[in-house]
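For reference, positions follow the sequence shown, starting with 1.
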Amino acid sequence: MATGSIIGLKPHFYVHVTDLNRNITSIDIGPKTVVLKNNEKLHRGPLPMIKVPPGHYCVIENPCMNYVPGQVSQNLLGQKQYKFYQEPFPLLPGEVLSGAPEYQTGRSSYAPALKPLPTVKANHAIRLRALVDFENEMGKYQAGDQWQLKGPLTYFPSPEAEIEKMVEPIVLQNGEGLRLSATVYFTDCNGVERVTGEEWIHYTTGDYLPDVYEKVLGVEKQVTLTPDQGLRLQATHSITDRQGIKRLVGEEWLVTGEDLEQYLPEIGVTILSEEKRIVVKKGEYCIVLDVVDKNCKPQLGKRELRTGCCSFFLHPGETLENGKVQSAYILSDNEALVLQADEYIMEVLGKGKAVKRSPGDRWMIRGPIDYTPPLHVNVVDKRTQIPLSKNEGIYVQDRKTGKVRAEMGPQSYMLTENEELWTKVLPEDTETLLKQGGGSGSGDIRKMAYFEQSIDPQILEGRRKGHVVTFRCPGNTAVQVYNYLEKTARVVFGPDLVILGPHENFNVLSLSAGKPKKEGAMKSLCLMLGPDFITDILEVETSDHARLRIQLAFNNHFEFERGNRESELSIFSVPDFIGNACRQIGSRIRGAVAQVHFDEFHRHSAQVIKTAVFGPNIEGGLDSHLKFPMNNLVISSIDIQSIEPVDVKMRDSLSKSVQLAIEISTSSIEAAASHEAARNEQVAQGHLERQKLDNEKASEQERSKLLELQAIAAAVESTGQATAEAQARAERIIIECESEIQSARLKAKAEEIEHYAQQETQEMLRKQELSYQRSQTELEVHRLRTMADIEVQKFQKMVNTLGTSTISAIARSGPETQVKMLQGLGLSSVLITDGSSPINLFNTASGLIGGTGNSN
């Protein structure tokens with residue numbers, strides 16, 4: 001306990017006292033009472049003495065050497081001293097306890113500075129590195145040297161070496177090897193000299209402690225090889241493997257279970273992959289490419305056929321054709337294979353016969369057979385008999401001649417080796433028409449219903465490759481088929497099945513449709529022979545310029561002779577027979593209507609139109625039909641469906657006149673009916689008045705009940721409204737109070753944030769000012785040091801330039817001159833050199849010389 005200048009020290013406590021006169025710090029150890037003098041100052045303490053327990057140590061920085069109380073001592077700055085278990089000791093002046101910076105100020109204990117001694121277990125080691133050159137009982141070490149001490153032991157640290165790490169042993173199981181590499185040239189634990197970068201494998205089972213200059217690359221595990229397993233190896237540099245075979249750089253080889261049961265990795269050998277035995281079962285085959293010879297050298301380009309049952313490993317460089325084992329071809333009675341030869345081969349047939357095949361030859365073998373293709377024979381295609389029903393066929397093309405023909409059923413057809421299926425290409429519009437039954441157009445066209453019966457469900461899914469194109473021609477229609485190779489045409493009449501030959505195609509008709517008629521609105525494969533009718537809307541103008549819209553329907557049919565080819569083809573001479581007929585009939589009607597007045601046409605419209613279309617006969621009657629000679633189309637009759645004016649005003653006036661006639665004819669009927677209706681109305685009125693009185697009585701009774709219920713509802717409504725308003729007012733007050741409280745909190749928080757922000761800003765400004773002053777001071781110190789170094793270097797260079805001999809000669813030149821002058825005056829050299837102060841003699845000599853000079 002310290003009180004003023006008197007300090008009472010307990011046992012194992014100490015203080016540092018500084019003598020201000022001599023600037024010497026001494027230590028006082030308790031138990032005692034220390035009385036400070038006027039020239040003494042308490043430098044440190046009182047502090048407890050440091051007690052190092054057994055098995056621990058501490059580090060003393062800047063240790064004090066040759067401490068003597070009251071005398072100047074020396075501290076080894078930058079050095080360290082290790083203290084182990086001993087009697088309690090104090091820190092000498094200038095010493096610092098590492099690891100406990102607050103201990104010397106008395107703010108904390110020295111416990112954090114005590115560290116346990118490193119203990120090294122058995123089969124472990126501690127790796128050390130020399131910091132300076134030193135020598136101990138184990139040998140001489142230079143700075144940077146590394147070594148390790150094996151356990152079991154307790155290591156006492158020293159300031160000359162530092163601990164790098166604790167080295168743990170690597171335990172190798174049976175079948176494992178440790179891959180090591182040398183970091184420098186050294187001799188390992190087995191006495192083998194290792195050069196820098198050399199790699200080797202340690203195979204001894206058990207624990208292994210790596211040396212200082214050994215780098216552990218990894219643990220290599222032994223590979224157990226089974227009869228169905230192998231390893232593909234590669235040499236990274238030229239070596240001789242365990243089997244005694246020399247391997248060059250990059251060489252690859254195969255090791256299987258037949259060669260070794262277990263394979264331990266070697267230096268210079270890399271395991272590329274694990275290979276499995278390839279098993280070829282019965283009924284399978286494979287072709288090995290680039291087969292190796294007996295020296296395991298790949299023969300590039302050589303192929304070898306291997307059939308089941310067999311098994312083998314692929315050697316490096318060998319591959320399987322198509323990358324897999326292939327199944328042999330098992331052909332039934334209706335199957336066949338098309339083969340082609342790559343080279344000259346002899347094909348062995350049954351009964352000892354053989355056939356020579358040249359490169360490019362194609363032939364076919366038929367089942368039943370189990371066939372494995374030999375080398376240099378490629379399987380081009382596998383074919384099956386194609387069953388064809390009646391009216392079903394396929395297109396067949398000969399590869400040699402290029403000719404295409406159609407094979408029709410019923411039969412089962414097998415393509416030969418020189419034949420293949422030929423797909424007939426049709427235009428896109430024809431394909432669409434076939435899927436829609438032979439016609440395409442908008443849904444409001446009446447004739448589209450004719451084609452629904454001809455839709456083939458199989459064609460909707462798409463035409464099959466190579467199959468003959470067919471079309472179900474509807475009844476009372478005709479289809480024209482054109483052969484573009486022979487440049488001929490034929491007509492098929494329905495109901496029938498149209499079968500296209502290889503070089504035939506449909507004649508697609510583009511017909512007018514709609515009301516009024518629009519060109520190309522409908523496309524069709526078949527021509528409707530009739531009887532049928534055509535509907536059209538015409539706009540005509542009378543001689544008095546009344547424009548009318550007429551809707552007509554006229555029956556039509558084709559007249560031709562069956563079996564007469566020219567007559568049959570004539571019906572297709574006009575592609576758009578509907579549009580042609582409508583145009584010609586419309587022109588006739590417009591010409592006839594243009595010659596009559598509206599009133600006359602209104603009274604005799606049917607006669608005018610029929611006369612215009614069919615024309616008057618000799619007897620004054622009407623001809624019964626109109627025939628178009630180009631395509632033999634006959635218009636047998638005409639029906640006028642409606643006539644209405646195009647002008648709206650004329651249409652209204654015409655409708656008014658018709659309505660007036662109707663009103664005159666119906667007025668009498670209405671007069672008779674009105675009397676009967678009035679009588680019935682009076683009777684019904686009486687019944688109605690009586691019912692009204694009964695309903696008003698019941699209504700008054702129900703109204704009284706309603707008023708009573710409304711009064712009750714009004715009372716309930718007023719009560720509920722008052723309650724709701726009171727609750728709303730209370731909730732409003734609560735919400736306002738809470739909002740004010742929240743606003744006050746937020747305002748306080750904002751002020752707190754502003755206060756802290758100002759503090760942080762001021763703190764940052766002070767830090768910046770301190771940093772700036774520190775940097776300015778450091779720059780000034782650096783400048784002064786640099787100037788001092790320049791002056792020292794300048795003086796050193798001047799000394800080096802002049803030389804020590806020159807400087808010493810300059811220093812001796814004055815005294816030597818004076819000595820010589822004294823000798824010239826006859827004074828003894830003994831007198832000059834004797835005496836305690838030669839300088840005084842020199843001064844005397846100088847005075848004498850000066851006196852002499854003055855006397856002169």
task: Not counting sequence neighbours, list each pair that qualifies as a salt bridge (Lys or Arg N to Asp or Glu O under 4.0 Å) and has a residue in residues 172-197.
output: Arg179-Glu199, Arg179-Glu220, Asp188-Arg194, Arg194-Glu198
message: Using the salt bridge (Lys or Arg N to Asp or Glu O under 4.0 Å) criterion, which residues pair with Glu274? Sequence neighbours excluded.
response: none
message: Could you go through Leu172 and Thr204, starting from their C-alpha distance and side-chain angles, then the distance that decides it, and tell me whether this counts as side-chain contact (heavy atoms from CB on, under 4.5 Å)?
response: CA-CA 7 Å; Leu172 298 178; Thr204 306; 6.0 Å; no
message: Is it the case that atom CD in Glu162 sees more than 12 heavy atoms from other parts of the structure closer than 6.0 Å?
response: yes
query: Can you check whether Asn21's main-chain N or O pairs, donor with acceptor, with Asp19's side chain at less than 3.5 Å?
result: yes
query: What do the steps show when you test Gln234 against Thr236 for side chain to side chain donor-acceptor pair (under 3.5 Å), and what is the final call?
result: CA-CA 6 Å; Gln234 184 183 34; Thr236 57; over 6 Å; no
message: Holding to salt bridge (Lys or Arg N to Asp or Glu O under 4.0 Å), I want the full list of residues that pass it with Asp211, two or more places apart in sequence or in another chain.
response: none
- prompt: What pairs with Gln86 under side-chain contact (heavy atoms from CB on, under 4.5 Å), at least two apart in sequence or on another chain?
  reply: Lys83, Phe89
message: Within the 3.5 Å criterion, strictly below it, is a donor on Thr18 or Thr25 matched to an acceptor on the partner's side chain?
response: yes
task: Identify, with sequence neighbours excluded, every residue that meets salt bridge (Lys or Arg N to Asp or Glu O under 4.0 Å) alongside Arg766.
output: none
task: Could I get the full list of ring pair (Phe, Tyr, Trp, His ring centres under 6.0 Å) partners for Tyr103, not counting sequence neighbours?
output: Tyr110
field: salt bridge (Lys or Arg N to Asp or Glu O under 4.0 Å) partners of residues 741-759, not counting sequence neighbours, each pair once
entry: none
task: Might you point out which heavy atoms bring Leu128 and Ile163 nearest each other, and give the distance in Å?
output: CD2-CG1, 3.8 Å
query: Around Glu87, counting heavy atoms of other residues, nucleotides and ligands shown, do more than 12 lie under 6.0 Å from its CD?
result: no
query: Do Glu778 and His782 get their side chains close enough for a donor-acceptor pair, meaning under 3.5 Å?
result: no
task: With sequence neighbours excluded, tell me which residues meet side-chain contact (heavy atoms from CB on, under 4.5 Å) with Lys37.
output: Asn39, Glu40
- line: Sorted by chain and number, sequence neighbours left out, ring pair (Phe, Tyr, Trp, His ring centres under 6.0 Å) with His16 holds for Tyr14
- prompt: Do you know the tightest heavy-atom contact between Ser238 and Val249?
  reply: N-CG2, 3.3 Å
- request: Considering non-hydrogen atoms only, spot the tightest contact between Val216 and Pro210 and give its length.
  value: CG2-CG, 3.7 Å
message: Taking atom CG as the centre, does Asn23 end up with more than 12 heavy-atom neighbours from other residues, nucleotides or ligands that are less than 6.0 angstrom away?
response: no
task: Would you please name every residue forming a ring pair (Phe, Tyr, Trp, His ring centres under 6.0 Å) with Tyr67, sequence neighbours left out?
output: none
- line: The residue among Gln146, Arg127, Gln148 that forms side-chain hydrogen bond (donor to acceptor under 3.5 Å, both in side chains) with Glu164 is Gln146
query: Considering residues, nucleotides and ligands other than Tyr85, do more than 12 of their heavy atoms fall under 6.0 Å from its OH?
result: no
task: Return the set of residues passing ring pair (Phe, Tyr, Trp, His ring centres under 6.0 Å) with Phe13 (not counting sequence neighbours), or none when no residue passes.
output: none
query: Could you state the interatomic distance from CG (Leu91) to CE (Met49), rounded to the nearest 0.5 Å?
result: 10.0 Å
message: Once salt bridge (Lys or Arg N to Asp or Glu O under 4.0 Å) is applied, do any residues pair with Glu252, and if so which ones, sequence neighbours excluded?
response: Arg232
- prompt: If every non-hydrogen atom of Tyr57 is compared with every non-hydrogen atom of Val59, which pair is closest and at what distance?
  reply: CE1-CG2, 4.0 Å
query: How are the rings of Phe156 and Phe84 set to each other: parallel, tilted or perpendicular (split at 30° and 60°)?
result: perpendicular
- prompt: Is Asn800 atom CG crowded by more than 12 heavy atoms from other residues, nucleotides or ligands, each under 6.0 Å away?
  reply: yes
field: His124 (side chain) donor-acceptor with Ala122 (main chain) under 3.5 angstrom
entry: yes
query: Closest approach of Leu254 and Asp259, non-hydrogen atoms and distance?
result: O-OD2, 3.9 Å
- request: Mind listing the closest non-hydrogen atom pair of Leu9 and Gly30 along with its distance?
  value: CB-CA, 3.7 Å
